[in-house]
Amino acid sequence: MSLPAGAFGSFGGQAAVIEPDDTPWSIASRAAALLAVDPVRLGGAVIRAQPGPVRDAWLSAFRDLLPPDAPWRRIPLHVADARLLGGLDLAATLSAGRPVAERGILAESDGGVVLLPMAERISPSAAARITAVMDSGEVKLERDGLGHRQRTAFGVIALDEGIADDELPPTGLVERLAFWIDLTGVDPRDPCMPVFAPFDLHAVRADVARVTGDDEVLSALCAAASALGIRSGRAPFLALWAAKINAALEGRDAVAQADAAVATALVLAPRATQLPVLEPQQDEQEEPEDKDEPPEEAPDDDRDDEAAGDESFDDIVLSAAKASMPAGLLARLKAGDMGRTKGSSAGRAGAKPRSRLRGRPVGSRPGDL
C-alpha cells in the first residue's frame, strides 16, 4: 500500500503515534489511533492475521490507547444468547422472589470494545444479534419472563483468522466496521516497527465535535466510493468521520485534503472491487486568430500554479484511493478477478454455503445398544 507523501505525519497538538511512512504496520497504527478516539462511531476494525506476536502487539497497543476504565470483553465463538444478550439470573431470582435479569456481554461492553476471535466462523445468528444491537444502540431482552431494554454502545474488533479467500467474517458485520487491516505481511522482527505513544484522548474527543466537514468533502468521498465499486452507503460516512478524527489529531478545525486522503486510504481503499479510472483533464484551447504567430506561453511558475489549482478535491481523494490500494487487492483487480472480496457477496445469492466443518466425512455408523 502506498500513500501520498506527507499523508501520515505526526499529530499536531498531540504526541506522535506513528512514523511518517506507509508500511502496513504504520497504517495499522494510524487506524488504531483513530479507532481509539471513537470506537462507537467508527464501528471497529477487522484484523486479518493469524494468532501471533504481531496481532498481539497491535491489540495490546490499541488497548493501551483506550481509557483505563473502558470495558474490554471477549465474545466466545459459540456464545449462547443468554450470555450475549442477557437472561434470567437464577440465583438472584430465587433470592429476590421475582425475575431478575442478568446483563449480557454486549450490555457489559457499553462505552468500550468487544473482541470477536475467529470472526470468520461466527454463526449468522450471533452476527445478526451483534449488528442489531450496534444499529439500535440497545439490547432488547424479551425472554424467560423478562422484558426490558438496556442502552449500550461499543466497537467491535473482529479477528479474521481465515486462510482461504472465501473464509471471511459475515458481510453484515464487516461493512459496519470502518477499518479492514491486514497484518499477514508484517514481520515481528522488523526493527522499524513504530512504537505507539499515548495522547490526550479526552482532549481529542472534545476537539472532534468542533471539526467541520463541508459538503465538498462528503461529495468527494462518495465519488471515490463509487469509482472504487463500493456499494455500501455506510463507507463514505465512516470515511468522513475518520477524516474528522484525523483532523482533530492534527489540530485542525476543518477537514483538509490530507485528512480526506488518509480516510480514503484507511476506509475506502481496502473495500475496492474495481480499479478507479482517473480521467485526464482536457483543456480546450482556442486557436489563435493569426496562425503565423505562435501563442504566448505563460511562465513555468504560472503554469505550475494553474495545474495545482485545477486539481479538484475529488481528483485528490481518488488519487489517494488508487495509490493506497493493498498490493494483494490491486493485483487481483488488475488480473480481472472480480470474485468475492471481503465484505462483498455479489453474485452468490442463493448459493449453497460451504460447510464450516473440515476433514473427511465419516459417514453413518450404528449406535451403541
Item to check | Test item: Gln50 side-chain N/O and Glu161 main-chain N/O as donor-acceptor pair under 3.5 Å | outcome: yes

Checklist entry - Can you check whether Arg234 reaches Arg176 side chain to side chain, under 4.5 Å on heavy atoms? => result yes

Next on the checklist: With a 4.5 Å cut-off on side-chain heavy atoms, are Arg63 and Val113 touching?
Outcome noted: no

Item to check | Backbone of Lys140 reached by a side-chain donor or acceptor of Arg149 within 3.5 Å | outcome: no

Checklist entry - With a 4.5 Å limit on heavy-atom distance, are the side chains of Glu167 and Asp160 in contact? => result no

Item to check | Note, Ile130 side chain near Ile122 side chain (heavy atom, < 4.5 Å) | outcome: yes

Checklist entry - If you round to the nearest 0.5 Å, how far is CD1 of Ile47 from CG of Leu116? => result 12.0 Å

Checklist entry - Quick one: does Ser136's side chain have a donor or acceptor within less than 3.5 Å of a partner on Ala132's backbone? => result yes

Next on the checklist: Do Trp241 and Val208 have side chains that approach each other closer than 4.5 Å (heavy atoms only, starting at C-beta)?
Outcome noted: yes

Item to check | For Ala263 against Ala239, the heavy-atom pair lying closest together | outcome: CB-O, 3.1 Å

Item to check | Pairing of Lys244 and Glu250 as salt bridge, 4.0 angstrom limit | outcome: no

Checklist entry - Donor-acceptor pair, Thr131 side chain versus Ala128 backbone, under 3.5 Å? => result yes

Next on the checklist: Suppose the criterion is salt bridge (Lys or Arg N to Asp or Glu O under 4.0 Å): which pairs have a residue in residues 107-117, not counting sequence neighbours?
Outcome noted: Arg73-Glu108, Arg83-Glu108

Checklist entry - Got a second to check how far Ile181's CD1 is from Leu35's CG, nearest 0.5 Å? => result 7.5 Å

Checklist outcome for this item: Between Pro270 and Ala265, the two heavy atoms sitting closest are CD-O, 3.5 Å

Item to check | Beyond-backbone contact of Val174 with Leu168, side-chain heavy atoms, under 4.5 angstrom | outcome: no

Next on the checklist: Using a 3.5 Å distance criterion without hydrogens, assess whether the side chain of Ser123 forms a donor-acceptor pair with backbone atoms of Ala126.
Outcome noted: yes

Item to check | Greater than 12 external heavy atoms within 6.0 Å of Asp215's CG | outcome: no

Checklist entry - Between Val46 and Pro169, what is the shortest heavy-atom contact and its length? => result CG1-CG, 4.4 Å

Next on the checklist: I need the minimum non-hydrogen distance between Ala107 and Gln150, along with the two atoms involved.
Outcome noted: CB-OE1, 3.3 Å

Next on the checklist: Using side chain to side chain contact (heavy atoms under 4.5 Å, CB included), reason through Leu221 and Phe237 one step at a time and then give a plain yes or no.
Outcome noted: CA-CA 8 Å; Leu221 294 174; Phe237 290 97; over 6 Å; no

Item to check | Intermediate values then yes/no, side chain to side chain contact (heavy atoms under 4.5 Å, CB included), Thr152 and Glu138 | outcome: CA-CA 5 Å; Thr152 183; Glu138 63 180 6; 5.6 Å; no

Item to check | Contact summary for Leu177 and Gly43, nearest pair of heavy atoms | outcome: CD2-O, 3.4 Å

Item to check | Cation-pi, Trp180 ring and Arg271 (6.0 angstrom, 45 degrees) | outcome: yes

Item to check | Intermediate values then yes/no, side chain to side chain contact (heavy atoms under 4.5 Å, CB included), Met134 and Val156 | outcome: CA-CA 9 Å; Met134 293 176 67; Val156 177; 3.8 Å; yes

Item to check | Residue pair Leu59 / Leu159, side-chain heavy-atom distance below 4.5 Å | outcome: yes

Checklist entry - Does the distance from a Lys or Arg side-chain N to an Asp or Glu carboxylate O, for Glu175 and Arg231, drop under 4.0 Å? => result no

Next on the checklist: Within the 4.5 Å heavy-atom criterion, are Leu85 and Val133 side-chain neighbours or not?
Outcome noted: yes

Next on the checklist: What's the separation between atom CZ in Arg74 and atom OG in Ser109, rounded to the nearest 0.5 Å?
Outcome noted: 12.5 Å

Next on the checklist: Any side-chain to backbone donor/acceptor pair from Thr212 onto Ala254? Under 3.5 Å, distance only.
Outcome noted: no

Checklist entry - Hey, what do you get for CG (Asp259) to CG (Leu249), rounding to the nearest 0.5 Å? => result 9.5 Å

Next on the checklist: Is it the case that atom CG in Asp253 sees more than 12 heavy atoms from other parts of the structure closer than 6.0 Å?
Outcome noted: no

Checklist entry - Would Ile75 end up clustered with Val40 when hydrophobic side chains under 4.5 Å apart are linked, directly or stepwise? => result no

Item to check | Residue pairs, two or more places apart or on separate chains, that pass salt bridge (Lys or Arg N to Asp or Glu O under 4.0 Å) and touch residues 32-42 | outcome: none

Item to check | Pair Asp81 + Arg129, salt bridge at N-O below 4.0 Å | outcome: yes

Checklist entry - Would you say the side-chain atoms of Asp207 pair up with the backbone N or O of Arg210, donor to acceptor, closer than 3.5 Å? => result no

Checklist entry - To the nearest 0.5 Å, what is the distance between OG1 (Thr184) and CZ (Arg55)? => result 12.5 Å

Checklist outcome for this item: Rounding to 0.5 Å, atoms CG (Leu238) and CG (Leu34) come to a distance of 12.0 Å

Item to check | Side-chain donor/acceptor of Thr273 to backbone N/O of Gly229, under 3.5 Å | outcome: yes

Checklist entry - Should Val139 and Arg103 be marked as a side chain to side chain contact (heavy atoms under 4.5 Å, CB included) after you check the CA-CA gap, both sets of side-chain angles, and the distance that decides it? => result CA-CA 10 Å; Val139 176; Arg103 299 181 69 193; over 6 Å; no

Checklist outcome for this item: Note: Ala119 and Ala158 closest approach over all heavy atoms is CB-CB, 3.7 Å

Checklist entry - Does Trp58 have its ring centroid less than 6.0 Å away from the ring centroid of Phe62? => result yes

